[in-house]
Amino acid sequence: HRTPTISNSTQPQSHNSRNQLLSALIEFVLHSDPTIKLNGAAALSCFLSHSANDTNIPRRILSSADNGIDTDSNNNRGLIAFYEMITNKEISTFCNNNRYLNAKNTEQAKPIGATVITALSSLSTNLEFTKQFVKTGNGLGIIINEILNGIATPKNVIIATEAAQLLRNVCREQQNIKSFLNENGCQCLLSFISSKSTQLKFLAAGALADIVYHATSNTEYDAITNDPRKQLTDSNNLFALTTEHLSPYMTTITDC
């Protein structure tokens with residue numbers, strides 16, 4: 001243990017100072033050379049694999065990007081690196097079994113893409129993060145594609161559950177609903193409802209309940225027919241948009 005020394009610098013110290021190692025790893029992931037990308041992603045995933053449901057490590061990674069997570073930028077390079085670790089299939093499917101890099105997690109190593117999805121899921125409990133996630137680099141579309149066609153399909157229950165929790169948290173906020181619907185999110189919920197996993201069914205049902213609530217909570221209803229009569233907020237008719245996207249799945253939703 002070393003006793004902290006008092007700096008003579010007159011410059012204020014940032015509480016969320018950027019970690020230069022993490023910043024370098026982010027840039028490696030975004031490098032054009034495939035070998036550098038893979039090695040950077042493998043090293044970065046080691047930090048994430050130790051985080052479990054703890055958001056401190058992934059938030060520190062994002063804060064260490066050139067334009068940190070706490071800025072107003074919608075192009076955080078840390079998030080873009082995370083998306084690259086999911087969409088680049090050579091990286092996403094790579095299991096980090098290197099015992100020197102991954103220490104005690106070697107035997108339980110997950111594909112890098114799954115590790116990133118777990119980190120994003122843990123971060124999504126924060127409202128400000130979900131806003132940035134939806135706005136940055138088509139993150140929502142990337143996760144939805146992984147659920148429909150990639151590593152987070154319902155047959156991969158563990159990864160799918162993390163992705164489903166992420167979508168569940170996104171749907172808690174009304175401002176995210178239109179993006180969710182336009183990215184074909186309802187088809188994801190249908191796949192979860194049709195799966196054999198009870199937990200996936202519950203998460204999908206919760207997301208659907210939020211979508212319906214947001215679509216109807218600001219709508220004025222006719223006193224006689226109980227039909228939606230007027231949208232009270234400037235939401236480009238969220239009720240109609242929701243109805244359009246949910247209609248093809250009503251039988252399955254009702255069964256659920």
Side-chain angles (χ1 to χ4, degrees), residues 12-20 22-23 25-27 29-30 44-45 47-87 113-147 152 161-183 185 188-189 203 206-211 213-215 217-218 233-236 238 241-242:
Q13 299 297 313
S14 171
H15 178 69
N16 292 318
S17 58
R18 293 172 186 167
N19 183 290
Q20 291 183 342
L22 296 177
S23 181
L25 293 179
I26 290 170
E27 297 307 316
V29 174
L30 298 177
L44 202 57
S45 71
F47 289 94
L48 295 177
S49 66
H50 289 282
S51 64
N53 294 322
D54 181 5
T55 63
N56 289 329
I57 293 177
R59 281 198 66 83
R60 186 64 185 273
I61 292 173
L62 297 182
S63 295
S64 297
D66 282 346
N67 50 346
I69 193 72
D70 296 323
T71 70
D72 293 330
S73 172
N74 289 326
N75 294 296
N76 178 276
R77 291 183 68 77
L79 266 182
I80 300 301
F82 281 175
Y83 300 158
E84 178 69 17
M85 292 163 72
I86 296 174
T87 58
T115 303
V116 176
I117 290 176
T118 298
L120 293 175
S121 178
S122 65
L123 286 167
S124 69
T125 57
N126 180 274
L127 170 61
E128 293 305 315
F129 172 79
T130 58
K131 289 180 183 178
Q132 191 165 34
F133 168 74
V134 172
K135 293 178 181 178
T136 302
N138 195 32
L140 184 58
I142 289 171
I143 294 299
I144 287 174
N145 181 66
E146 291 303 316
I147 294 170
T161 301
E162 297 289 356
Q165 184 64 67
L166 173 55
L167 296 189
R168 174 77 175 88
N169 291 335
V170 166
C171 289
R172 293 181 191 276
E173 297 301 321
Q174 186 181 46
Q175 60 188 314
N176 298 330
I177 298 301
K178 282 191 286 186
S179 296
F180 180 83
L181 295 174
N182 289 329
E183 290 290 349
C188 289
L189 301 184
L203 288 170
L208 283 170
D210 280 335
I211 291 171
Y213 171 77
H214 291 314
S217 61
N218 293 314
T233 60
D234 184 20
S235 60
N236 296 326
L238 182 58
L241 182 64
T242 302

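Remember, predicted model here, so these are calculated numbers, not experimental data.
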>> How close do Asp210 and Cys171 get, counting heavy atoms only, and between which atoms?
In response: CB-O, 3.3 Å

> Hey, what do you get for CD1 (Ile86) to CG (Leu120), rounding to the nearest 0.5 Å?
Replying inline: 5.0 Å

> Which pair of heavy atoms, one from His214 and one from Arg172, lies closest together, and at what distance?
Replying inline: NE2-O, 2.9 Å

> Can you name the nearest heavy-atom pair linking Pro58 to Leu123, along with the distance?
Replying inline: CB-CD1, 3.8 Å

>> So which atom in Ala81 and which in Val29 form the shortest heavy-atom distance, rounded to 0.1 Å?
In response: O-CG1, 3.6 Å

> Is there a side-chain contact between Asn176 and Phe133 (heavy atoms, below 4.5 Å)?
Replying inline: no

> Considering all heavy atoms of both residues, which atom of Ile117 and which atom of Ile143 are nearest to each other, and what is their separation?
Replying inline: CG1-CD1, 4.0 Å

> Heavy atoms, side chains only, cut-off 4.5 Å: are Phe129 and Thr55 in contact?
Replying inline: no

>> Using every non-hydrogen atom in the two residues, find where Ser124 and Thr130 come nearest and quote the distance to one decimal.
In response: O-CG2, 3.1 Å

>> Can you confirm whether the side chains of Asn56 and Arg59 place a donor and an acceptor under 3.5 Å from each other?
In response: no

>> Rounded to the nearest 0.5 Å, what separates atom CG in Leu127 from atom CD in Gln175?
In response: 6.5 Å

> Which distance, rounded to the nearest 0.5 Å, do you find between the OG1 of Thr136 and the NZ of Lys131?
Replying inline: 13.0 Å

> If we only count heavy atoms from C-beta on, is the Asn169 to Gln165 side-chain gap below 4.5 Å?
Replying inline: yes

> Taking atom CG of Leu48 and atom OG1 of Thr118, what is their separation to the nearest 0.5 Å?
Replying inline: 9.0 Å

> Knowing that exactly one of Thr115, Asn76, Val116 qualifies, which makes a side-chain contact (heavy atoms from CB on, under 4.5 Å) with Phe82?
Replying inline: Val116

>> Quick check for you: to the nearest 0.5 Å, what is the distance between Ile211 atom CD1 and Phe180 atom CZ?
In response: 4.5 Å

> Once you round to the nearest 0.5 Å, how far does CG of Leu167 lie from CG of Leu140?
Replying inline: 6.5 Å

